[in-house]
Amino acid sequence: MSEPVQTAPAPAALPAGTLRRLMRRKLALFGLAIIFLVVGGAVFAPWIAPYAPDDQLFEGLTLFGEPMPPSAAFLMGTDLLGRDLFSRMLYGAQTSLIIGVVANGVALVIGTLVGVLAGFLRGWIGAVLMRFTDLMMAFPALLLAICLAAIFQPSLWIVAMVIALVNWVQTARVVYTETTSLAEREFIAAEKTLGASRARILFKHILPHLIPTLIVWGTLGISVTVLLEATLSFLGVGVQPPTPSWGNIIFENQTYFQAAPWLVFIPGAAILLLALAFNLVGDALRDVLDPTQRGND
Amino acid sequence: MAGYLFRRLVQSALILLGVSFITFVLLYVLPADPVRQIAGRSATAQTVENIRQQLGLDQPMLVQYWRYLTGLVQGDMGRSYLQKTEVSTLIAARLPASLLLMAGGIACELLIGLTLGVVAAVFRGRPLDQGLMVVSFVAVSAPQFVVGLLLLYVFAVQLGWFPIGGYGTAAHLVLPAVTLGIMGSGWYSRMMRSSMVEVLRQDYIRTARAKGLTRARILIRHALPNAILPIIAMIGIDIGIFMGGIVVVESVFGWPGIGQLAWQAIQRVDIPVIMGVTMVSAAAIVLGNLLADLITPLIDPRIKLR
């Protein structure tokens, strides 16, 4: 059980009991439940979905060619083309999650690299990196994303990359602050005195201590990513139809929203709930992982 | 102070220079050819070539960028490819509407956010506080276009209290401003709550209570002004978020501001207009951050500018 004595505090990835303490928070549980539900829906979409997502059903439109409201046959109603909304929502969940995870993962990696390098190396490389980060902060993020998405013909992966390119900046700043303060701590100084190489300090001590921060920012970031993807798709420069995404379902049907409000508000509620879930879990994780953030309760 | 200000101004100018260069390069590598768009589909190769030469688009990128930059410094943002008007004229015509919308958005954000934050702080730890914090999370998680469409559906379509879209009267402003403000109000209520909780712990509040002042008086005269001050500086930092928000909100409500201008320009590859709006937005963001940093020491004399 006992570990050999070390000069530094053992950089455990997560403090023991993190999960248990997380589970004690009702809101975090609610968030986790929604995330499991959406992930389940996305993974098992081919088996759950009553119809193919692109199938323009003859019985999916009224005699006047209008979309059908929710009923037993169509749980969430049908859209303007007579496609089953429930099936499209399930496949749309795949889109949201893939982009949420991929875009946010890439943003997290870029942000961590920039932040750690700037904070650890300092000097002119650090200065250049942080000035570049400042520059990115001055870009109107959404405008930049729209521009980029319009420049490249948007596919699922392009949209994910565009979002990543816009979203790494916050992570870089947080990681930079964290790294500079870590680098000044006594145990790092002790390691240096003992002759540890820079690589050893970086990989054995700095990176492991950044993990809680990265977990918190990674979780909160998915919520930002989900919202940005939905917004881009709503404007028509995100994921392109017929691939369903919760944002482009609203984009396709918004002209008709007065007559068929479910076509806007069902996907709208789904986007809100998924973003909310990641926010709730991320906030709870911050409370659990970072004792300095507690206090105010 | 003067030295600090000078350094920050130089820094801001450099940032804007960088933004202009990056945007220019991005638009230069654009696969869509603006000349084709201008000339139309039936134009001959000769016409296309003539227009390309007229606009100077046949020259190397750095030459084009230098020409744009020298113009920009003199206040010349070039001409729109499609509307044959000066970009500065187009932006000047649309800016008042966007500024009005942003002012409305900031007012809603502060009104809703600060009120919820104060109430939550006063009732901290009780169910009302927990409920309000859940509400604040919902507010920050709600996509703006969904909020906008929901408000339109309920208050314009169903209840008929407000017009469905457009611009002109105070009634037109209400729904777009609320839509723009809701997301920020979630953040402000959380910040206001923790700021207020912090202030309520201070000794001078205990002194005021010991003097026998009423709860209301302590809250309004002693706690509130001190809790609000650190929040005010945040408004400057918000400008960037608002600059993105107006694209969405203006599109949902048909609000004739620079968000719509940018959106149309992007769809039609009208590069000078895209450049112009990006530069104006970036300038607003840089200015907002600068103001936020300058206001902070005025609010809290313990903070010194370096």
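Naming: A, B, ... by sequence-line order, numbering from 1 per chain.
- With values rounded to the nearest 0.5 angstrom, A/M137 atom CE is found 6.5 Å from B/N289 atom CG.
- Heavy-atom distances place the side chain of B/S251, and not its backbone, under 4.5 Å from chain A.
- For a residue to count as touching a neighbouring chain, one of its non-hydrogen atoms must lie under 4.5 Å from one of that chain's; by this rule A/L135 touches chain B with backbone and side chain alike.
- With a 4.5 angstrom heavy-atom cutoff, A/L235 touches chain B via backbone and side-chain atoms both.
- Side-chain contact between A/L227 and B/M183 is present, with at least one heavy-atom pair separated by less than 4.5 Å.
- For the set A/I250, A/D134, A/V224, the entry with the most heavy-atom pairs within less than 4.5 Å of chain B is A/I250.
- For the atom pair A/R131 CZ and B/I15 CD1, the distance stands at 7.5 Å (nearest 0.5 Å).
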- Message: Walk me through whether A/F132 and B/I22 qualify under side chain to side chain contact (heavy atoms under 4.5 Å, CB included).
- Response: CA-CA 11 Å; A/F132 183 64; B/I22 292 180; 3.9 Å; yes
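- Within a 6.0 Å radius of CH2 in B/W187, no more than 12 heavy atoms belonging to other residues, nucleotides or ligands are found.
- The residue among A/A138, A/A275, A/A230 with the most heavy atom pairs within less than 4.5 Å of chain B is A/A138.
- When A/L274, A/V226, A/I146 are compared by the number of non-hydrogen pairs under 4.5 Å with chain B, A/I146 comes out ahead.
- Considering CE of B/M243 and CG of A/L142, their distance stands at 12.5 Å, rounded to 0.5 Å.
- Between B/V252 and A/F234, the closest side-chain pair of non-hydrogen atoms falls below 4.5 Å.
- Going from atom CG of A/N279 over to atom CZ of B/F137 covers 6.0 Å, rounded to the nearest 0.5 Å.
- For a residue to count as touching a neighbouring chain, one of its non-hydrogen atoms must lie under 4.5 Å from one of that chain's; by this rule A/F278 does not touch chain B.
- Side-chain rings of B/F145 and A/F251 stay apart, their centers remaining 6.0 Å or farther from each other.
- Only the side chain of B/V157 comes within less than 4.5 Å of a heavy atom of chain A; its backbone N, CA, C and O stay farther away.
- Of the inter-residue distances, the one linking A/L280 atom CG with B/S141 atom OG reads 6.5 Å to the nearest 0.5 angstrom.
- Contacts with chain A were tallied for B/L149, B/L16, B/V247, B/V146; B/L149 has the most, counting heavy-atom pairs under 4.5 Å.
- At a 4.5 Å heavy-atom cutoff, the contact between B/V286 and chain A is made by side-chain atoms alone.
- Contact of A/F139 with chain B is made through backbone and side chain together, with heavy-atom distances under 4.5 Å.
- Contact of B/A282 with chain A is made through backbone and side chain together, with heavy-atom distances under 4.5 Å.
- Crowding of A/F265 atom CZ: a count of heavy atoms from other residues, nucleotides or ligands under 6.0 Å exceeding 12.
- Of the atoms belonging to B/S12, not a single heavy atom falls under 4.5 Å from chain A.
- For chain A, the option among B/I274, B/L150, B/V248 with the highest count of heavy-atom pairs below 4.5 Å is B/L150.
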